[in-house]
Number of protein chains: 2
Amino acid sequence: MVDVARAAGTSQKTVSRVVNAEPGVRPETIERVQRAIAELGFRRHDGASHLRRGTSTASIGLVLEDLAGPFYAALTAGVERRAREHGYLLLTGSADGDAERAGRLVQAFAARRVDGLLIAPNLVGDEVLTANLPPDVPAVLLDRPSADHGTDEVLSDNAGGIASAVHHLAERGHRSIAYLGDDERFWTSRQRRDGYLAACAERGLGTDGLVSLGALTPERIAAAVSGWAAAGVTAVVTGNNRASVALLHHLHERTGPRPAHVGFDELDLADLLDPPLTTVAQDAAGIGSAAVDLLFERLATPTLPPRSVVVPTRLVVRRSSPPPDGASAPPVRNDR
Amino acid sequence: MVDVARAAGTSQKTVSRVVNAEPGVRPETIERVQRAIAELGFRRHDGASHLRRGTSTASIGLVLEDLAGPFYAALTAGVERRAREHGYLLLTGSADGDAERAGRLVQAFAARRVDGLLIAPNLVGDEVLTANLPPDVPAVLLDRPSADHGTDEVLSDNAGGIASAVHHLAERGHRSIAYLGDDERFWTSRQRRDGYLAACAERGLGTDGLVSLGALTPERIAAAVSGWAAAGVTAVVTGNNRASVALLHHLHERTGPRPAHVGFDELDLADLLDPPLTTVAQDAAGIGSAAVDLLFERLATPTLPPRSVVVPTRLVVRRSSPPPDGASAPPVRNDR
DNA sequence: ACATCCGATGACAACGTAGTCATTGACTCG
DNA sequence: CGAGTCAATGACTACGTTGTCATCGGATGT
């Protein structure tokens with residue numbers, strides 16, 4: 001600004017006025033200053049401006065597990081869109097399963113004076129995570145609960161989504177429904193398993209020996225599926241898209257009767273599979289924008305009590321979930 | 001720092017020394033200062049530090065078309081990982097097809113004094129884009145060429161990738177190979193079409209009436225495919241994953257002989273489709289990390305001439321690209 | 001005992017910007 | 001014609017930090 005002022009023959013303060021479109025500058029002065037700005041290629045230093053004004057940086061930090069997954073990508077897109085609507089910029093970082101890395105990201109974001117943090121890595125333990133959250137920066141947890149519900153959180157309706165899958169299958173006549181979940185370290189994994197158990201209990205369906213949680217190795221899946229077949233299982237619910245894909249791979253490589261299948265998480269090509277996969281679609285972008293909304297509300301009113309938002313899921317019925325052999329025809333369409 | 005200094009009974013400068021681990025502070029003083037820091041929850045203001053030091057902000061800005069797509073998500077993950085390895089933070093924003101929005105993002109990033117820009121939106125016209133690039137911030141274009149090659153760029157081997165698809169099909173005995181591409185506004189769309197034309201010419205294959213570029217509406221695809229069938233086409237190459245999916249949908253909903261099909265861009269579930277789709281896989285993460293590498297090289301040596309990096313593609317042969325009827329049958333490999 | 005040196009520390013300025021307040025000069029009004 | 005008003009502008013300072021240089025007290029050497 002000093003250079004511009006010299007070029008325009010004014011003071012630095014007048015340049016500041018022109019840059020910020022403050023009133024009280026003669027039109028011809030504005031003109032001179034703007035010409036000097038254009039000539040010198042001047043651009044205001046936002047950091048210095050924020051420092052002097054004491055205003056916020058108009059930015060938020062998003063910590064993810066891994067940007068490349070479809071769920072996190074859609075979530076990030078939702079966050080970014082809503083943030084941009086408010087004129088905020090988005091800083092992103094992935095923890096990649098490393099709690100220390102997540103902590104460093106949080107520290108780095110806080111040091112940059114982001115206005116708020118959105119925290120989504122689901123591999124990092126609750127204790128580690130909440131212990132590392134700076135107390136002076138508003139944070140919203142995404143797709144994971146706050147340890148003591150002392151922080152705003154946005155969750156998918158995991159239990160309800162799984163329940164909708166179970167009810168859908170039960171209504172089509174399935175009486176023995178199994179659950180294939182991912183590693184128990186994931187909170188969502190445990191949560192969905194519990195949703196499955198609750199829905200089955202509500203329906204009076206047995207679940208003994210029908211739950212398999214753990215790493216999604218081909219061996220484990222083969223063992224689980226063959227055990228279930230022997231036990232008369234006619235339908236399987238998978239707890240996330242990695243489990244769905246793993247089960248699909250298994251079924252793809254083996255012959256024999258195919259259980260009905262509903263997968264949690266939408267798959268991009270679900271309707272091009274054979275058969276098209278019935279899924280419980282999560283609204284990842286909705287989770288992201290809801291989190292940004294919570295954050296802005298807290299920025300406006302810091303005294304708000306911690307809130308928890310549950311984003312509904314949507315059951316997308318396709319053809320992988322027909323009634324079991326011998327059952328009556330389902331309402332929507334009749335397969336096999 | 002002033003508050004910390006008061007609490008620790010030192011000067012603010014000594015706090016600065018402790019915070020930056022500068023030598024020449026008595027251990028007990030360090031101890032006192034650190035206790036005060038912990039008590040007050042002090043955290044250094046990185047913005048002020050950068051301002052005073054005159055150093056860079058250790059951040060880069062990434063402008064995308066749309067974060068939610070798998071290509072951009074993988075690209076972003078590659079960028080973020082490499083940036084983090086250098087201790088840099090990543091600012092992201094989506095243009096969503098709006099050139100003005102892309103321009104605003106660039107301006108906002110530049111005002112935040114990012115050290116460099118990575119520009120990937122492929123819907124924004126070259127002229128608009130390059131006109132809006134600030135001359136004083138190093139930029140790398142991703143997956144799109146620089147108008148006059150005056151800027152560093154990282155491109156996928158579009159022509160080579162398409163050529164590998166054409167050669168693969170030709171070697172399996174196809175003599176009439178069609179090309180289904182996305183809207184001609186996309187540079188990659190034109191580029192890949194040209195790659196197809198060149199490869200066919202090299203093989204002596206005709207292409208008259210075998211090229212269809214445009215919006216991927218069901219009507220257009222149906223018209224193109226039925227025309228091609230009449231013309232004796234036995235294989236189709238699709239120019240991006242949206243085209244692949246569109247063609248798959250069309251083939252899925254219709255009966256009759258199925259042309260061999262190779263799709264540009266990997267699909268997550270390509271191997272679960274029926275038949276599993278042969279694809280030309282792009283290394284999106286590789287494009288991202290290569291772009292970051294180019295950027296850091298330019299930051300180190302600003303006088304470097306503009307460079308262009310081409311990231312190779314990889315042909316993933318699956319079962320959707322068998323020889324035409326009448327040729328010998330390949331089980332999994334076996335050509336022609 | 002005195003000069004010297006050195007480790008530890010603090011005072012001050014400056015990075016680029018914007019808020020506060022004073023100054024200037026032209027203009028209006030009685 | 002003098003006082004008052006007002007628009008336009010600039011001088012100065014502070015935001016939180018770090019580089020430079022000065023200061024201070026004690027230990028060392030002769």
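Values in this document were obtained by computation on a predicted structure and should not be read as measured data. Order of the sequence lines fixes the chain letters, A, B, ..., with proteins taken first and strands second; residue numbering starts at 1 for each chain.
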(message) Taking the basic N atoms (NZ, or NE/NH1/NH2) and the acidic carboxylate oxygens, is any pair closer than 4.0 Å for A:R307 and A:E297?
(response) yes
(request) Mind telling me whether B:H86 and B:F296 have parallel, tilted or perpendicular rings, with 30° and 60° as the class edges? (result) parallel
(message) Under 4.0 Å between a side-chain nitrogen and a carboxylate oxygen: does that hold for B:D96 and A:R84?
(response) yes
(message) On a heavy-atom basis, which atom in A:S56 and which in A:Y88 lie closest, and how many Å separate them?
(response) OG-OH, 4.0 Å
(request) Compute the angle between the rotation axes at the two ends of the helix from C:dA1-D:dT30 to C:dG30-D:dC1, each taken over five pairs, rounded to 10 degrees. (result) 50°
(request) Let me know the distance between CZ of A:R44 and C1' of C:dA18, rounded to the nearest Å. (result) 10 Å
(request) Quick one, give me the B/S/- string for nucleotides 4-12 of chain D, reading 5' to 3', where B means a protein heavy atom under 4.0 Å from the base and S means that only happens at the primed atoms, P, OP1 or OP2. (result) ----SBBB-
(request) Begin from the C-alpha positions of B:V63 and B:L118 and carry the test side-chain contact (heavy atoms from CB on, under 4.5 Å) through to its verdict. (result) CA-CA 6 Å; B:V63 182; B:L118 305 183; over 6 Å; no
(request) Spell out yes or no: do the side chain of A:R53 and the base of C:dA18 have one donor N/O and one acceptor N/O closer than 3.5 Å? (result) no
(message) How many whole angstroms separate atom CD1 of A:I37 from atom C1' of C:dG16?
(response) 14 Å
(request) In whole angstrom, give the distance that lies between atom CZ of A:R6 and atom P of C:dG16. (result) 12 Å
(message) What is the distance, to the nearest angstrom, from the NE2 atom on B:H50 to the C1' atom on D:dG16?
(response) 13 Å
(request) Report which part of the nucleic acid B:R43 touches: base, sugar-phosphate, or nothing (heavy-atom distance under 4.0 Å, all strands). (result) sugar-phosphate
(message) Any base atoms under 4.0 Å from B:S16, or only sugar-phosphate, or nothing? Heavy atoms, all strands.
(response) base
(message) We want to know whether A:T303 and A:T301 form a side-chain donor-acceptor pair, criterion being a heavy-atom distance below 3.5 angstrom.
(response) no
(request) Inspect the contact between A:R43 and B:D136 and indicate whether a charged nitrogen and a carboxylate oxygen are less than 4.0 angstrom apart. (result) yes
(message) With a 4.0 Å cut-off on N to O distance, would you call B:E39 and B:R35 a salt bridge?
(response) no
(request) Take the protein atom NE2 of A:H45 and the nucleotide atom P of C:dA18, then report the distance between them rounded to whole Å. (result) 12 Å
(request) Considering only NZ, NE, NH1 and NH2 on the basic side and carboxylate oxygens on the acidic side, decide whether A:D46 and B:R113 come within less than 4.0 Å. (result) no
(message) Can you measure B:M1 atom CE to D:dA14 atom P for me and round it to whole angstrom units?
(response) 19 Å
(request) Please evaluate the base of D:dT18 for a donor-acceptor partner in the side chain of B:R52 within a cut-off of under 3.5 Å? (result) yes
(request) Would you kindly give the CD-to-P distance between A:E22 and C:dT17, to the nearest whole Å? (result) 14 Å
